[in-house]
Amino acid sequence: MVTRRSAVVAWAFIAAGAGVLAMLAVGPPALRAPLTLVGVAGAIWALTYGLRRNAAPEQRGPWRLLLISALLTVAAMVLRAVVPGAAATPPGPMVLLPDAFVLPAYLIMGYGFAGMLRRRRAAEDDPARVDALLVGLASAFMTWTYVISPQLGEADVNVLRLANSFFPVIDVVLLVLVAQLALAGGARQPSLWLLLGSSTAMFVGDFVFTLRDGLLVHVSQHTVDTLFVAVFLLVGASALHPSMRTLTQPQQIIPQDLSKVRTVLIALVVVVPTVITTLEPSRSILDGAVRSGLCALLIVGVLARVVRANNSQARAERSIRRRATHDALTDLPNRELLAETIAEWGDRAVAGQQEISLLFIDLDRFKMVNDHWGHQIGDELLCAVAGRLGTQVRENDLVCRIGGDEFVIALATPSHSRYAESLAERVLGEFARPFRLSVGDVVISASIGVAKSLGGAHALELIRDADTAMYKAKGSGRNAVALFDTSLRDEVRDRMNLEQALRGALERGELSVHFQPIVDLGTGELEGFEALMRWRHPELGAVSPMHFIPIAEETGLIVESGAWLLRESATQLARWIAERPGEARALHVSVNVSVRQLRDGALVDVVRDVLAETGLPAQALWLEITESGVMEDLDTALATLHALRALGVVLCIDDFGTGYSSLSYLNRLPVGIVKLDRSFVSQVGESGANEPIVRAVLAMTDAMNLRVVAEGVETEVQRDWLRAQGCDLAQGWFYGAAKLPTELDDWIRPTATV
């Protein structure tokens, strides 16, 4: 609203100024003095008001200079009006008095324009500067040839007339400075055009004034005064318009091709003076020397433009090259430069019997840093890691960032050297020291894979091998170093084949649901089943869940297949419940929920829809979650778990004892069942070392009113010991393996007990 109001004031001032100029140009002579006074006073007001209203304090400097220049010019105008002989034509000695104000005014105005240009444009190699210089030199040539030089041959020439002849040259410099504001690019708004118009009017006024003083043309003083009033009004309007801010603010400069108009202008400013010098005889030795010198300067200016353009292009290409080969955040070399370097080293490695080694470094759980503190702190940590890695390598080693939290150190060493392994261990030790960030000390570990080549290996293959070794280190528990060997490549190949085969397995009907009985230890009755996903491939045969479930989890396929498992399990249990007599014990089905599903916002809706479609009682559906899956993102997991619990389903902690096993966390989770991991059950009843742990877990869960399911019960001794300790439920090979629904008829009949 304020900007719009300022624009309205500016346009109103421009309209009023146009009226003043029209009246001044064609009105009666009696109004000329009052109108001149009104125009100049209005311009001074507009400059002062616009400066204070529109410009930020730190951007007012150039506009203050224009105001000072205007005040000095007003002082010169007053002196010409009141001092006898100060406005005489041809000029006399008294002209020096107003000129003592005019010359500083021009210099200050030029400095103000230069300040605008400096603030507005950041590019030092912008060709607008050279183009402006060429225009200035050409104007100086024409002024010398047709204004100054002819006066030198006149008998009544004096120093004052010669001095006044140079004012158009100064105007050209000012005009060129303003023109650069437009030529350099950025926003071209009304204030810029008004300022350009004022500079043009000043040049025309001074040129006409010079011709008049030189007695070369007959021009009235009234015409000159009108032009200078226009200069005042245009400068005032420029300051009054709110777009004046753009003249002192950095503008985005977009490089453009040289336009036809600009090309023709450059050609003319060089060709015309050269042609004139060649065809028109010089009036004197001085005239010839000046004209030749100005032509030489024009040629040098064009040469400077060519050199500057070439240098600018070279710098741009180097900048583009660096951006293409270096990481924008850390300024480390990226994957492209790494590949080029390895290729160069490979050519020398064979001849020099050297070995190329890569350390592939991946930060462990870096996502948690971003999730907890935000991406800004994550970027801060990446820069700190880059700096620390740089301190651990030799001068010729290469530290790169090739991905989000992935770094690579490339080095060349004598064959069979263990320097790469020792460097990897040293880097791992460096990560034990906290990184000092703006949020405080942050500790993060890393997994490092090491791959080597004696030369000749393709760069991308070596990077891939190091990446493979890194995943081996991560699979070993993170914060570790792993060396690549060919068996890892076979594992990756097999894993990729398995992943491709898994895609589409659900659509092809290769997945099935097996159910393992869960038994009440106190009565021996069937309590329910755990639903387990199984995959039989037509060529690979039965694929172990230990192999395909992690792949489904990593690729996200587990979300779709997990929803299918949930729906199939609930449908089957609803069918069994319908087949059993009404007095039979209620059954449940227990279904595993992966970490990916837990993070997926659609899980609650999927469970709600399954319950509605199958008619299964909510308490008959148990959902199993792992401790580690919950703890990776506790807040998100808690929100999902509470929403699921609100539906009435029963939540279970799976594999209890292998993860965090914290009482404080367990107390926060809305769970009703704890499943004791098979590793703690395997030796109970035989005075095994885990018996005290199992007793403690049973006592703890009893105090918290939680039921316990013992997994992996395989012997009668284990069953009896668990029953004696008060364990609620059990499952395992002792009761039976997971089977297809058609193979569980004996369990479904209510008489089936164990």
Measure the [atom1]-[atom2] distance between [X] and [Y] for me, rounded to the nearest 0.5 Å.
X: Leu67; Y: Arg52; atom1: CG; atom2: CZ; value: 9.0 Å
X: Asp441; Y: Arg436; atom1: CG; atom2: CZ; value: 4.5 Å
X: Leu195; Y: Leu66; atom1: CG; atom2: CG; value: 6.5 Å
X: Leu196; Y: Ser191; atom1: CG; atom2: OG; value: 11.0 Å
X: Leu35; Y: Thr226; atom1: CG; atom2: OG1; value: 9.5 Å
X: Glu380; Y: Ser438; atom1: CD; atom2: OG; value: 3.5 Å

Report yes if the side chains of [X] and [Y] come closer than 4.5 Å at any heavy-atom pair, otherwise no.
X: Met244; Y: Leu194; answer: no
X: Val302; Y: Leu298; answer: no
X: Trp373; Y: Leu437; answer: no
X: Phe366; Y: Asn370; answer: yes
X: Ile68; Y: Met109; answer: no
X: Leu398; Y: Pro333; answer: yes
X: Met116; Y: Trp63; answer: yes

Check [X] against [Y] and note the closest heavy-atom contact, atom names and distance.
X: Pro273; Y: Cys295; value: O-SG, 3.6 Å
X: Leu72; Y: Phe101; value: O-CB, 3.6 Å
X: Leu47; Y: Ala239; value: CD2-CB, 3.7 Å
X: Arg64; Y: Leu51; value: CG-CD2, 3.8 Å
X: Pro62; Y: Gly112; value: CB-O, 3.5 Å
X: Ala43; Y: Phe232; value: CB-O, 3.1 Å

*Once the angle between the rings of Trp45 and Phe13 is folded into 0 to 90°, is it parallel (under 30°), tilted (30 to 60°) or perpendicular (over 60°)?*
tilted
N-O pairing of [X] and [Y] below 4.0 Å:
X: Lys367; Y: Asp405; value: no
X: Arg321; Y: Glu336; value: yes
X: Glu58; Y: Arg245; value: no

*With side-chain contact (heavy atoms from CB on, under 4.5 Å) as the test, would you mind laying out the steps for Leu329 and Cys383 before giving the verdict?*
CA-CA 7 Å; Leu329 176 64; Cys383 292; 3.8 Å; yes
Side-chain ([X]) to main-chain ([Y]) donor-acceptor, under 3.5 angstrom:
X: Asn54; Y: Leu240; result: yes
X: Ser198; Y: Val231; result: no
X: Arg401; Y: Leu332; result: no
X: Arg291; Y: Ile276; result: yes
X: Ser238; Y: Leu234; result: no
X: Asp379; Y: Leu382; result: no
X: Thr73; Y: Ser69; result: yes
X: Asp327; Y: Ile402; result: no

*More than 12 non-hydrogen atoms from neighbouring residues, nucleotides or ligands closer than 6.0 Å to CD on Glu340, yes or no?*
yes
